2 protein chains.
Amino acid sequence: MTRRDDMAADRRRNGSDTPSATRDRILDAAARILSEKGYSATRLADIAQLAEVRAPALYYYFSSREELIAEVMAVGQRRLREHVESALAALPPGTAPMDRIDTAVQAHLQVELQLSDFATAVTRNLGQLPDDVRERLRSEGSEYIGLWRRLLEQARAAGLIRPDLDLRAARMLVMGALNWTPEWWNPRQGSLTDVIDTAKSLVRHGLG
Amino acid sequence: MTRRDDMAADRRRNGSDTPSATRDRILDAAARILSEKGYSATRLADIAQLAEVRAPALYYYFSSREELIAEVMAVGQRRLREHVESALAALPPGTAPMDRIDTAVQAHLQVELQLSDFATAVTRNLGQLPDDVRERLRSEGSEYIGLWRRLLEQARAAGLIRPDLDLRAARMLVMGALNWTPEWWNPRQGSLTDVIDTAKSLVRHGLG
DNA sequence: CAACTAATTTATCTTAAATTCGAAAACGTC
DNA sequence: GACGTTTTCGAATTTAAGATAAATTAGTTG
């Protein structure tokens with residue numbers, strides 16, 4: 001085991017990371033490339049260039065391409081969930097279920113379209129990852145899905161959702177509408193607020 | 001110019017194709033692999049194996065990997081549009097705009113999830129294609145988008161769509177919900193009819 | 001049945017990209 | 001300002017995949 005691996009291991013264990021500006025630049029660059037080009041077309045050389053280092057430098061911080069990509073995805077998943085969770089947590093207690101769903105829609109779209117290439121990297125690539133990477137991301141992913149399931153279940157329990165809807169299908173269709181936005185939305189063609197408002201309205205009336 | 005190119009050229013010109021069973025097997029295989037793995041991860045070797053030939057045989061029918069993939073995408077786009085168009089055409093004249101939208105939702109999902117790997121290949125890969133290939137597919141793609149635009153415009157003209165909705169955003173969100181389905185739907189986890197019915201209901205109430 | 005053509009194969013070439021390695025900078029410390 | 005440690009780099013290695021070439025098979029036709 002080399003010196004390098006020890007360090008990486010240390011990093012992961014204690015949070016005492018001085019998270020090396022370079023390492024962050026590399027991660028950011030990877031997120032960006034990944035969200036634009038997709039898993040298989042993501043080249044280490046491109047990431048390196050964007051991060052302003054040479055390709056071998058990546059190996060100082062990550063043990064392999066897969067490792068780097070897996071890290072980007074993990075960060076993306078976590079940020080997405082945390083952002084939506086904290087938006088919900090900020091609501092006054094007793095907020096109506098439909099308003100909570102509105103909030104989740106808005107938060108999801110904000111992260112996806114404005115805040116984080118990491119989140120976009122996740123939604124655009126989860127489906128095309130090799131099995132072993134996907135496996136590592138599964139539990140975090142299930143948690144986010146669980147969050148949405150609970151949102152919908154609470155709304156249904158309150159009698160706010162039409163009973164003809166298959167709740168799982170409805171949830172996945174809604175999340176699909178949100179996840180697909182990076183494919184078409186462009187800041188120059190319409191404001192983010194328009195998309196968010198339209199999405200809220202569509203979801204609220206679609207479900208209720 | 002070799003004999004081979006002449007033949008391929010002939011094929012394209014006149015429709016007198018005896019569309020070689022092998023060529024079709026290759027196209028089908030390519031559609032399948034493409035829809036599963038995505039553009040960059042699609043290997044000629046995998047396609048060949050699925051089509052039960054050796055990789056160089058592909059070059060007898062297609063001049064390059066890009067050519068083959070572009071053909072798959074073109075077929076996929078055309079089939080998707082034609083299927084939805086003919087479903088609409090089969091409706092009695094004077095069918096209400098919302099019912100027409102229902103029909104389009106259903107037809108789109110049927111092609112996407114049941115009828116054609118080609119359609120799935122399109123929705124999952126359009127965003128990651130190299131520019132020159134995307135360029136070739138653009139006009140057909142715009143036509144399909146135009147179809148949906150007209151559907152929504154007619155519904156709005158009839159006063160059936162809430163005026164707070166941004167029509168373009170609404171359209172893209174709806175198409176996103178549909179296009180995302182291949183990412184999660186699995187015949188073993190729920191019937192196609194459930195998904196279709198839920199989608200119809202979601203869209204109808206979401207818009208109107 | 002010989003000759004031609006279409007279809008497909010095996011073997012080979014080429015290139016692009018990930019990775020490894022050892023050496024050189026850069027940095028902090030005494 | 002030499003010394004050890006961290007960080008980065010250029011060059012070499014390896015591998016995988018697309019593409020081409022040449023040979024082979026099978027089928028058709030004169």
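Bear in mind the structure is a predicted one, so any value in this text is a computation, not a measurement. Quick note on labels: first sequence line is chain A, next is B, and so on, each numbered from 1.
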Checking B:S201 against A:D164: is there a side-chain donor and acceptor pair closer than 3.5 Å? yes

Whole angstrom value for the distance that separates P of D:dG10 from OH of A:Y59: 16 Å

Sorted by number, residues from residues 37-54 of chain A placing a heavy atom under 4.0 Å from DNA chain C are A:T42, A:R43, A:L44, A:A45

State which residues pass salt bridge (charged side-chain N to carboxylate O under 4.0 Å, His left out) with B:R150; sequence neighbours excluded, sorted by chain then number. none

Return the value, rounded to whole Å, for the distance between atom CG of A:L68 and atom C1' of C:dA17. 15 Å

A:F62 CZ to C:dA18 P: how many Å, rounded? 15 Å

Of C:dA6, D:dA19, C:dT20, the nucleotide closest to the side chain of A:P56 is C:dT20

Would you say A:T22 reaches D:dT8's phosphate, i.e. side-chain N/O to OP1/OP2 under 4.0 Å? yes

Would you find more than 12 non-hydrogen atoms of other residues, nucleotides or ligands less than 6.0 Å from A:R32 atom CZ? no

Can you tell me how far C1' of C:dG22 sits from OH of A:Y60, to the nearest Å? 16 Å

Rounded to whole Å, how long is the line connecting atom CZ of B:R23 with atom P of C:dT8? 13 Å

Check: A:K37/B:Q128 side-chain N/O donor and acceptor closer than 3.5 Å: no

If you apply the rule salt bridge (Lys or Arg N to Asp or Glu O under 4.0 Å), what do you find for A:R168 with B:D194, and how did you get there? CA-CA 10 Å; A:R168 175 177 128 91; B:D194 285 350; over 6 Å; no

note: B:L58, atom CG; D:dT20, atom P; distance rounded to Å ~ 13 Å

Does either side chain, that of B:T123 or that of B:E112, offer a donor lying less than 3.5 Å from an acceptor on the other one? yes

Taking OP1 and OP2 of C:dT8, is either one under 4.0 Å from a side-chain nitrogen or oxygen of B:Y61? yes

Quick check against the 3.5 Å criterion: does B:N125 have a side-chain atom that pairs as donor or acceptor with the backbone of B:A121? yes

Over how many whole Å does the gap from A:I26 atom CD1 to D:dT8 atom C1' extend? 10 Å

Starting from C1' on C:dT20, measure out to CZ on A:R65 and report it in whole angstrom. 17 Å

